[in-house]
2 protein chains.
Amino acid sequence: MQEPTFLILTALAAAPLHGYGIVQSVLGLSEGEVKLRPGTLYGALDRLAEQGLVEVEREEAVEGRLRRYYRLTDQGAAALSTEVRRLRRRATAAETQLNDRHGIVPGLGTA
Amino acid sequence: MQEPTFLILTALAAAPLHGYGIVQSVLGLSEGEVKLRPGTLYGALDRLAEQGLVEVEREEAVEGRLRRYYRLTDQGAAALSTEVRRLRRRATAAETQLNDRHGIVPGLGTA
DNA sequence: TCGGATAGTACGGTTGACGTTATATGACGT
DNA sequence: ACGTCATATAACGTCAACCGTACTATCCGA
């Protein structure tokens with residue numbers, strides 16, 4: 001799972017949002033680092049809906065504009081939790097390896 | 001940065017390794033989850049070398065077979081550290097959002 | 001009136017991972 | 001002798017996902 005997808009699921013975890021709301025939420029969650037483009041957002045949303053990780057909660061027409069609200073499914077929440085654990089394991093593994101950097105020089109022992 | 005790339009950098013963080021050694025290391029680091037295919041591995045290695053995140057340490061000929069050892073550069077170590085911090089922030093953000101799930105029902109207050 | 005925020009659709013391009021095949025040698029089993 | 005597995009790298013083609021941009025449309029503020 002890539003970052004944009006992960007952040008979209010994260011945004012929907014707390015409450016259902018419509019497309020533009022997701023963009024705002026992700027912007028906040030990523031501390032301004034990730035501003036979703038329409039192509040990324042709606043492409044991911046279609047994909048995630050097909051996979052059953054999100055679903056359309058309702059459609060609203062506000063001032064002639066359509067608002068489609070998406071909700072995280074239980075399956076989506078489970079997938080997100082799994083991904084969180086994976087990220088944590090990866091981060092820990094990398095840190096351990098980095099701590100070995102410039103580590104034990106072979107042949108010099110403790111003399 | 002995607003998972004295979006991240007794991008390759010992680011594998012090289014502790015010590016230089018050649019291609020096949022990276023495959024074994026990543027297999028261990030990912031608890032058997034990620035088995036790198038040649039296409040993924042050498043493609044990533046070429047890309048990372050171009051970006052200056054890894055470099056060829058030395059080439060060895062063992063029994064007629066070439067062994068090319070790759071080393072993580074300082075720039076590569078920095079990139080990996082940055083990515084570790086990012087993963088940790090993403091994991092924390094997602095967990096916070098998940099904790100709000102089935103959260104406060106609007107309109108019911110504390111009555 | 002022009003720009004920016006809101007809201008979604010459509011389309012083409014690029015990147016990076018994926019899968020498979022090819023090449024080559026040594027070890028091991030049958 | 002032959003097949004298979006492990007080691008080791010190269011070289012394809014394919015696909016998923018993200019990216020950028022343009023388009024449509026409405027409302028608001030400068």
Side-chain angles (χ1 to χ4, degrees), chain A residues 1-12 16-28 30 32-51 53-54 56-70 76 79-80 83 86 90, chain B residues 1-12 16-28 30 32-70 76 79-80 83 86 90:
Chain A
M1 185 186 299
Q2 277 171 284
E3 209 189 13
T5 300
F6 179 83
L7 285 167
I8 290 169
L9 292 182
T10 297
L12 292 176
L17 291 171
H18 65 285
Y20 210 83
I22 297 175
V23 174
Q24 304 307 314
S25 174
V26 165
L27 201 57
S30 66
E33 280 175 31
V34 180
K35 182 169 167 69
L36 258 24
R37 314 284 164 190
T40 303
L41 175 64
Y42 295 105
L45 245 17
D46 288 349
R47 201 174 352 105
L48 291 170
E50 261 175 54
Q51 293 169 356
L53 303 190
V54 306
V56 177
E57 193 207 26
R58 66 180 193 280
E59 285 180 339
E60 232 176 59
V62 177
E63 290 158 2
R65 282 191 294 271
L66 180 68
R67 263 188 201 175
R68 191 171 291 135
Y69 282 81
Y70 291 87
L80 185 55
E83 195 62 20
R86 173 193 289 266
R90 297 291 177 262
Chain B
M1 182 185 301
Q2 276 170 284
E3 209 191 14
T5 301
F6 179 83
L7 286 167
I8 289 169
L9 293 182
T10 297
L12 292 175
L17 292 172
H18 64 285
Y20 210 83
I22 297 175
V23 173
Q24 305 305 316
S25 175
V26 164
L27 202 57
S30 66
E33 281 174 31
V34 180
K35 181 168 168 72
L36 259 24
R37 315 281 165 194
T40 302
L41 174 65
Y42 294 105
L45 246 18
D46 289 348
R47 204 175 347 106
L48 290 170
E50 262 176 52
Q51 294 169 357
L53 303 190
V54 306
E55 63 191 9
V56 176
E57 194 208 26
R58 68 179 192 280
E59 287 180 336
E60 232 177 59
V62 177
E63 291 158 0
R65 282 191 293 271
L66 180 69
R67 263 188 200 173
R68 182 134 51 223
Y69 282 81
Y70 291 88
L80 185 56
E83 195 63 20
R86 172 193 289 265
R90 298 292 178 261

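Below, chain A is the first sequence line, B the second, and so on; all start at residue 1.
Between D:dC19 and A:R37, no contact under 4.0 Å exists linking OP1 or OP2 to a side-chain N or O. Between A:T5 and D:dA17, a side-chain N or O to OP1/OP2 separation shorter than 4.0 Å is absent. Residue A:Y42 places none of its side-chain N or O atoms closer than 4.0 Å to OP1 or OP2 of C:dT9. OP1 or OP2 of D:dT9 has not a single side-chain nitrogen or oxygen of B:H18 nearer than 4.0 Å. Look at B:T40 and you won't find any side-chain N or O under 4.0 angstrom from OP1 or OP2 of C:dG16.
Residue contacts for B:G19: at a heavy-atom cut-off of 4.0 Å it reaches the sugar-phosphate backbone alone, with no base atom in range. Within 4.0 Å (heavy atoms only), A:Q24 reaches sugar-phosphate atoms of the nucleic acid but no base atom.
Separating the NZ atom of B:K35 from the C1' atom of D:dC5 is a distance of 11 Å, rounded to the nearest angstrom. Distance, A:L36 CG to C:dT6 P: 14 Å, rounded to whole Å. In this structure, CG of A:L45 is placed 18 Å from P of D:dA16, rounded to the nearest angstrom. Here D:dT7 presents its C1' atom at 15 Å from CG of B:L27, a figure rounded to the nearest Å. When the P atom of C:dC18 is taken as reference, atom CD of B:E33 falls 13 Å away, rounded to whole Å. Per the geometry, CZ belonging to A:R47 stands 8 Å off C1' belonging to D:dA16, to the nearest Å. In this entry the distance linking CD of B:E3 with P of C:dT15 reads 22 Å, nearest Å. Atom-to-atom, CE of A:M1 to P of C:dA17 comes out at 17 Å; the value is rounded to the nearest Å.
You'll find the side chain of A:E83 stays beyond 4.5 Å of the side chain of A:L9, heavy atoms only. Here the side chains of A:V23 and A:L27 are not in contact, with every heavy-atom distance at 4.5 Å or above. At least one side-chain heavy atom of B:E3 sits less than 4.5 Å from a side-chain heavy atom of A:R86.
Side-chain atoms of A:P38 lie closest to D:dT21 of the nucleotides D:dT9, D:dT21, D:dA17. Of the candidates D:dT9, C:dA17, D:dG20, C:dA17 carries the atom nearest the B:Q2 side chain, counting heavy atoms from C-beta on. Candidate nucleotides D:dC18, D:dT21, C:dG16 were compared by shortest atom distance to the side chain of A:P4, and D:dC18 ranks first. The side chain of B:R67 approaches D:dA8 more closely than any other nucleotide in the set D:dA8, C:dG16, D:dC18.
Counting non-hydrogen atoms of other residues, nucleotides and ligands closer than 6.0 Å to CD of A:E50 gives a total of 12 or fewer.
For the pair B:R68 and B:R65, nearest-nucleotide mapping onto DNA chain D gives the more 5' position to B:R65.
The existence of a salt bridge linking A:R90 and B:E33 is confirmed by a sub-4.0 Å separation between a basic side-chain nitrogen and an acidic carboxylate oxygen.
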